[in-house]
Number of protein chains: 2
Amino acid sequence: MTESARFHGTELLWKLSDQGRSVTRPALTVPRIAAAGITLADAAGMASVSMQQVAGMLDVTKMALYRHVTNKAELVAVMIEIAVGEPPDLSTVPGGWRPKLTEWARLMRETWQRHPWLPAATVGERAMGPREIGWTESAVAALEGTGLTGAQRMDAVFLVSGHIRNTRSASTAGTQPWSPDKRLRSQIAAHGDLFPALVAATEDTIDATPDSSWEFGLARIFDGLELLITGR
Amino acid sequence: MTESARFHGTELLWKLSDQGRSVTRPALTVPRIAAAGITLADAAGMASVSMQQVAGMLDVTKMALYRHVTNKAELVAVMIEIAVGEPPDLSTVPGGWRPKLTEWARLMRETWQRHPWLPAATVGERAMGPREIGWTESAVAALEGTGLTGAQRMDAVFLVSGHIRNTRSASTAGTQPWSPDKRLRSQIAAHGDLFPALVAATEDTIDATPDSSWEFGLARIFDGLELLITGR
DNA sequence: ACACCCAAGTGTCCGGCAGACACTGATGTG
DNA sequence: CACATCAGTGTCTGCCGGACACTTGGGTGT
């Protein structure tokens, strides 16, 4: 059927199109759907993840997705569970809780950097998957033997992960009146009489790297924890 | 024209109705619109603040609002600026930076408690109003004379306000696998073999107050800052 | 007294969103 | 061959933000 239809192009084209649809297209599965959602979110943010956009990526009607996920929240949950990946094994990290937690924070930050929508998605009341809980497990385990109570270990992990969330993306961190936003900065300068302390403090933040807040905060938090753990 | 129509009720009724519309109803103004939005957000969350809902509270069509605000983002910005209130004057707080910042954090937390939608609304790229910037100014000013560089003062304030944001509301804090969510907790217990550290740590968090994470984190952060400031 | 203007509020439309529900067409098994 | 099951479809509803043209009523200039 390849060459014989040379002079009946339309027929062949139609068949090709049909074959393209029914043969080459892989079956719709939850992982494939989630992967499409992740691709979309990585590229254009969580706001552009809608059922129809995801369906569009798979050349399928949005209603087809509902055969595999019960609703959008479930789709997002699967996306998160896949995107966070396997929790790390910190037992191989030499040293005490501090190097272990440092590595944990680094890995988590890295993951969230790869998927900038994760901070925004992992917010509010929702179901957590096993891998997501596993990340917390890792961090809490790193604090065993520090003499902290269970509640304190929990709070410490919460504090660190909160800091990651806050420094991770402009879309989840609170807006701050400095950072590279020239417009806002010039507004502060224009009303300098109202904000003398800000004007003074922003003078030497011009070359601040985006990572400086991250490192500063993490150092303070770890110092504070160390003070508590070593008992002064 | 008032009494002469006594026996032509319909006319009077129509006029009353007209008067009721034009006389008793106050004019639409930006503050009134914003107040309606704040009431709505306080009661039912940011998700229920839509142009039509706000307009409905004022017995007006949603399109009428667009005469006073250019779009929804601007409405929200005004809501925020009004809700945060005047920034505090910390110069009256006796003591050094730590009591001042403690008071600042307390006040900010209080404000955000009064308007639980504030954390969610003050996120992402957006315009900040003078009062909002003023809050930051207050905090940065409290750190003057500590010997910290401008960038460090900024980072410190960012760290504290980030912690407020994280502990403030379930709608902005990252989901955590403990807290009073029985369902999630039982799931951890059910798969206890996967999460031994979590099981151990959650055992004594049953009576954790919702404020404990807040106080724990703030104490660690302040301790860490103090360590840096006193130079040790 | 009259024409006119203009600001405030309105009605209608559009595209995009999540999701309910009934349907079609293929496939494998008795 | 009959039939159940299942993957994917089409259409509908009710929300959302917002563009745009419209009405209406209270001044104001002449």
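To find a chain, count down the sequence lines: A is the first, B the second, and so on, and within it residues start at 1. Values below: all heavy atoms of this structure, side chains included; hydrogens, waters and symmetry mates excluded.
Toward the 5' end of DNA chain C, the nearer of the two residues B:A64 and A:T70, judged by each one's closest nucleotide, is B:A64.
Within the 4.5 Å cutoff, the side chain of B:E74 has no heavy atoms near those of the B:H68 side chain. The shortest side-chain heavy-atom distance between B:E132 and B:P87 does not fall under the 4.5 Å cut-off. Proximity of A:I38 to A:W117: side-chain heavy atoms (C-beta onward) are separated by under 4.5 Å at one or more points.
Atom pair A:L28:CG and C:dG25:P shows a separation of 20 Å (rounding to whole Å applied). Whole-Å rounding puts the B:I33 CD1 to D:dG17 P distance at 14 Å. The OH atom of A:Y66 sits 4 Å away from the P atom of C:dG19 (whole-angstrom rounding). Taking atom CG of residue A:L58 and atom P of nucleotide D:dT9, one finds them 11 Å apart after rounding to whole Å. If you take CG of B:L65 and P of C:dA8, they are 13 Å apart, rounded to a whole angstrom. One atom, NZ of B:K72, and another, P of D:dC15, lie 15 Å apart when rounded to the nearest Å. When rounded to the nearest whole Å, the span between CG of B:D59 and C1' of C:dT10 equals 14 Å. Nucleotide C:dC17 holds its P atom 17 Å from the CG atom of A:N71, rounded to whole Å.
At the phosphate of D:dC15, neither OP1 nor OP2 sits under 4.0 Å from any side-chain N or O atom of B:Q52. Not one side-chain nitrogen or oxygen of B:H68 sits closer than 4.0 Å to the OP1 or OP2 atom of C:dA7. Proximity of A:S50 to the phosphate of C:dG16: no side-chain N or O atom is located under 4.0 Å from OP1 or OP2.
The two residues B:A142 and B:L90 come nearest to each other via the heavy atoms CB-CD1, 4.2 Å.
Nucleic acid contact class of A:M63 (heavy atoms, under 4.0 Å, all strands): base. Contact annotation for B:V49: backbone-only contact, meaning every heavy-atom pair under 4.0 Å involves sugar-phosphate atoms and none involves a base.
With sequence neighbours excluded, the residues forming a side chain to side chain donor-acceptor pair (under 3.5 Å) with A:H115 are A:D42, listed by chain and number.
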